[in-house]
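A short write-up of the structure that comes next.
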Amino acid sequence: MDIKKGENMFFVGEDELNPEAKIVFTADEDQDYVIQETQVNDELGGQGVGTDLVETMAEFARQEDKRIVPQCPFARDVMEKDDSMKQLIK
């Protein structure tokens with residue numbers, strides 16, 4: 001699975017404007033990341049793509065020395081179940 005970085009998102013697919021899957025984020029007042037949504041098209045459902053996107057976002061935050069506010073319920077659930085990602089939750 002090739003996950004690419006776009007403008008305030010990571011995505012799967014050829015085009016960031018029409019992704020097959022995506023995780024969208026912004027920055028808060030402390031410049032930490034806020035995950036707004038995670039979306040996976042039906043044809044990729046059940047393959048762990050959403051979890052892969054959350055893991056990619058977590059790794060990106062680690063590299064940037066940032067924390068994450070997971071407003072997206074799916075992202076929050078994935079992060080809370082993984083001890084290394086749970087530590088990134090702001």
Side-chain angles (χ1 to χ4, degrees):
M1 184 71 42
D2 188 23
I3 297 177
K4 301 170 186 163
K5 172 115 174 40
E7 183 70 33
N8 290 331
M9 71 164 58
F10 287 95
F11 68 99
V12 174
E14 293 304 312
D15 180 7
E16 122 178 44
L17 299 176
N18 250 331
E20 295 170 38
K22 66 182 177 178
I23 188 166
V24 179
F25 62 92
T26 58
D28 67 8
E29 63 278 352
D30 299 323
Q31 297 308 306
D32 287 318
Y33 299 122
V34 179
I35 298 176
Q36 296 182 312
E37 71 172 314
T38 307
Q39 197 172 59
V40 178
N41 287 357
D42 290 343
E43 59 269 9
L44 293 179
Q47 298 179 36
V49 177
T51 300
D52 289 347
L53 286 167
V54 176
E55 289 170 350
T56 299
M57 186 71 218
E59 185 55 36
F60 179 66
R62 277 190 204 96
Q63 290 172 1
E64 300 288 316
D65 197 27
K66 305 284 187 185
R67 305 281 306 270
I68 295 175
V69 179
Q71 287 183 343
C72 165
F74 175 80
R76 175 171 293 282
D77 186 55
V78 170
M79 291 184 73
E80 287 179 345
K81 289 178 181 174
D82 182 292
D83 287 339
S84 67
M85 283 193 279
K86 193 174 187 177
Q87 296 172 3
L88 294 172
I89 295 176
K90 181 175 179 182

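Quick note: residue numbers are just sequence positions, from 1.
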Give a yes or no on whether Lys86 atom NZ has more than 12 heavy-atom contacts from other residues, nucleotides or ligands under 6.0 Å away.
no

Should we count CG of Asp15 as having more than 12 external heavy atoms under 6.0 Å?
yes

Locate the shortest heavy-atom distance separating [X] from [Y]; write the atom from each residue and the value.
X	Y	answer
Pro19	Leu17	CD-C, 3.5 Å
Val49	Val12	CG1-CG2, 4.1 Å
Ala75	Thr38	CB-OG1, 4.1 Å
Pro70	Met79	CB-SD, 4.0 Å

Classify the ring geometry of Tyr33 against Phe25: parallel below 30°, tilted from 30° to 60°, perpendicular beyond 60°.
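Perpendicular.
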
Supply the atom-to-atom distance [X] [atom1] to [Y] [atom2], rounded to the nearest 0.5 angstrom.
X	Y	atom1	atom2	answer
Asp32	Ile89	CG	CD1	12.5 Å
Thr56	Phe11	OG1	CZ	12.0 Å
Leu44	Gln39	CG	CD	11.5 Å
Asp82	Gln87	CG	CD	9.0 Å
Ile3	Glu59	CD1	CD	11.5 Å
Glu14	Glu16	CD	CD	12.5 Å

List the steps and the verdict of side chain to side chain contact (heavy atoms under 4.5 Å, CB included) for Val54 and Phe74.
CA-CA 9 Å; Val54 176; Phe74 175 80; 4.0 Å; yes

Using a 4.5 Å cut-off on heavy atoms from C-beta on, say whether the side chain of Gln36 contacts that of Asn8.
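Not touching, per the 4.5 Å side-chain cut-off.
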
Does the side chain of Lys66 reach to within under 4.5 Å of the side chain of Ile68, using non-hydrogen atoms?
no

Residue among Glu80, Arg62, Met57 satisfying side chain to side chain contact (heavy atoms under 4.5 Å, CB included) with Met85
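Exactly one option meets the side chain to side chain contact (heavy atoms under 4.5 Å, CB included) with Met85, and it is Arg62.
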
Which residues pass the side chain to side chain donor-acceptor pair (under 3.5 Å) test with Thr26, sequence neighbours left out?
none

Does this structure show an ion pair linking Asp30 with Arg67, if we count only N-O contacts that are shorter than 4.0 Å?
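Looking at Asp30 and Arg67, the cut-off is not met.
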
Determine whether Phe10 and Leu88 fall in the same hydrophobic cluster, where Ile, Leu, Val, Met, Phe, Trp and Tyr are linked whenever their side-chain heavy atoms lie under 4.5 Å apart.
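Yes, because Phe10 and Leu88 connect within a single hydrophobic cluster, where side-chain heavy atoms sit under 4.5 Å apart.
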
Same apolar cluster: Phe60 and Leu53, side chain cutoff 4.5 Å:
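Yes, because Phe60 and Leu53 connect within a single hydrophobic cluster, where side-chain heavy atoms sit under 4.5 Å apart.
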
